[in-house]
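Below you'll find the structure, written out as structure tokens, and then a few comments.
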Amino acid sequence: MDGLGTETAFEVVNRVQALQKEGRSIVELHIGAPDFRTPENVVEAGRKALADGWHKYTPAKGLPVLREAIAEYCGRFHRAKVHPDHVLVVPGGKPTLFYAAMMFCEPGTEALYPNPGFPIYESAIRLCGATPVPIELHEEKGFAFSADEVLAKITPRTRLLVLNSPANPTGGVTPRKELDRLASGLERFPQVAILSDEIYSRLTYDGAEHVSMLSYPALRERTILLDGWSKTYAMTGWRMGFGVWPAELVAHAERLQINSVSCVNAAAQIAGLEALTGSQDPVERMRQAFDERRKLIVQELNDIPGFRCTTPKGAFYAFPNVTGTGVRSRELETKLLQRAGVSCLSGTSFGALGEGYLRFSYANSAEQIREGMRRVRECLQPA
Ligand SMILES: Cc1ncc(COP(=O)(O)O)c(C=O)c1O
């Protein structure tokens, strides 16, 4: 258990709530959840499912009709032909990661993961006893992966490669050219399974293309796709996610599910079905709103002395370099919360390589973003 990390976002939530209880006004820019409500047609489908009697266990892998819809969804949005038998519906994005880590990570093996990156990758790898090997992401490259750097880190002990594009916390999107290069290089390392976390795949901007690792036929027998409803459909609290597993692994993943959570809430699955098969207009409306806020926050961050922010191409996070302030990231996170009433996350919440950065979520209104940036500027003004 000592190896288990955490997502400090959940701790910051507690600190923010404690300050709010004292009457403090906090501009919340730490949250990795859309501020929108789940689209109404989806809420209604969930409500109706409860009224209609969806109260029992479902098959562990998920309702067949939902798995068929997910297979169709993968054809549309990941450009990959997926058989419904290979789909496992899970409670959120995280279980797919944990099941993959339990299968491939054990003492004596290594697993590659992005750094700065979603903190649960390193945590799950460590918990299962493997050695986590960071893939360094660089600001100069827009925090995209470099295929050559990834390939250079593979050793005979490497069993799992975790990829994430568009990425948390950086908003980096890895371009097709780099992924093509990575995919062809990986053919030399058949012992490496790939866990591709594409939970932000529907949130790209400036024409950035999302390329799914599932779309590389040569890697299909060892690629696991992690995706879900949380970010795309503003459904973080519903706990709905799915994995697409290679033929050889899906029965093992199903067993892990039976051993742990049995199945996903039945009514939530019906709501998830409506999300995938109903109008996609709400997704586009949310994306456009995020896009506008993205432009606003990047401009505002670049106006703050000591801050320098590259323009993220995906997700809903800005990841400014704050080394110009001369203050370490964690200290700055605390100072901004305590003194300015603005919550954000230290880059080090996402790995050691996040030192010198802060993560601001722009899943909040333009007014709140403006107010937050005004407070940060004022707080950091030289006396
Ligand atoms: C990159 C990434 N993967 C997975 C998840 C987990 O998603 P969920 O809340 O659906 O478990 C998150 C949530 O923040 C994330 O940022």
Side-chain angles (χ1 to χ4, degrees), residues 5-13 28-36 38 42 62 70 88-101 111-125 134-135 137 143-145 160-174 194-204 210 212-213 224-244 257 260-261 264-265 268-269 271-272 275-276 290 312-319 344-345 347 349-351 354 359-364:
T6 190
E7 211 181 332
T8 50
F10 283 97
E11 290 162 12
V12 173
V13 170
E28 297 183 44
L29 300 176
H30 65 282
I31 298 173
D35 55 318
F36 300 104
T38 302
V42 177
I70 291 167
L88 183 74
V89 182
V90 284
K94 284 171 179 167
T96 302
L97 163 65
F98 264 82
Y99 298 168
L112 304 180
Y113 70 102
N115 190 338
F118 183 50
I120 305 304
Y121 303 142
E122 182 180 344
S123 179
I125 294 165
I135 302 164
L137 300 180
F143 297 106
F145 287 101
L160 187 66
L161 164 62
V162 181
L163 298 173
N164 177 218
S165 174
N168 176 10
T170 60
V173 176
T174 302
I194 300 129
L195 173 72
S196 187
D197 181 347
E198 302 180 15
I199 204 155
Y200 294 101
S201 56
R202 302 281 297 279
L203 291 170
T204 58
H210 168 66
S212 175
M213 288 308 287
I224 302 153
L225 172 81
L226 183 163
D227 201 346
W229 284 256
S230 293
K231 318 290 175 174
T232 306
Y233 297 99
M235 290 177 70
T236 48
W238 294 74
R239 308 313 299 140
M240 283 287 294
F242 67 86
V244 176
Q257 174 112 316
S260 53
V261 299
V264 172
N265 176 309
Q269 291 191 51
L276 300 189
F290 287 136
K313 297 269 194 248
F316 37 64
Y317 308 111
F319 201 62
C344 63
L345 296 179
S349 296
F350 304 92
R359 190 194 80 173
F360 289 88
S361 161
Y362 48 88
N364 205 337

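The first residue in the sequence is number 1, and the count goes up from there. Read the numbers this way: they start at 1 and go in the same order the structure lists the ligands and their atoms.
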Pocket residues of ligand 1, ordered first by chain and then by residue number (heavy-atom cut-off under 4.0 Å): G92, G93, K94, F118, Y121, N164, N168, D197, I199, Y200, S230, K231, R239
Between F319 and F143, ring centroids under 6.0 Å: yes
If we only count heavy atoms from C-beta on, is the E198 to L225 side-chain gap below 4.5 Å? yes
Measure from the side-chain N and O atoms of K313 to the backbone N and O of T174, and report whether any donor-acceptor pair falls under 3.5 Å. no
Between W229 and F242, does the ring-ring contact (aromatic ring centres under 6.0 Å, His included) criterion hold? Intermediate values first, please. CA-CA 8 Å; W229 284 256; F242 67 86; 5.6 Å; yes
Name the orientation class of the two ring planes belonging to F316 and F290 (parallel below 30°, tilted from 30 to 60°, perpendicular beyond 60°). tilted
Distance-only, no hydrogens or angles: does the S165 side chain make a donor-acceptor pair with backbone N or O of A167 under 3.5 Å? no
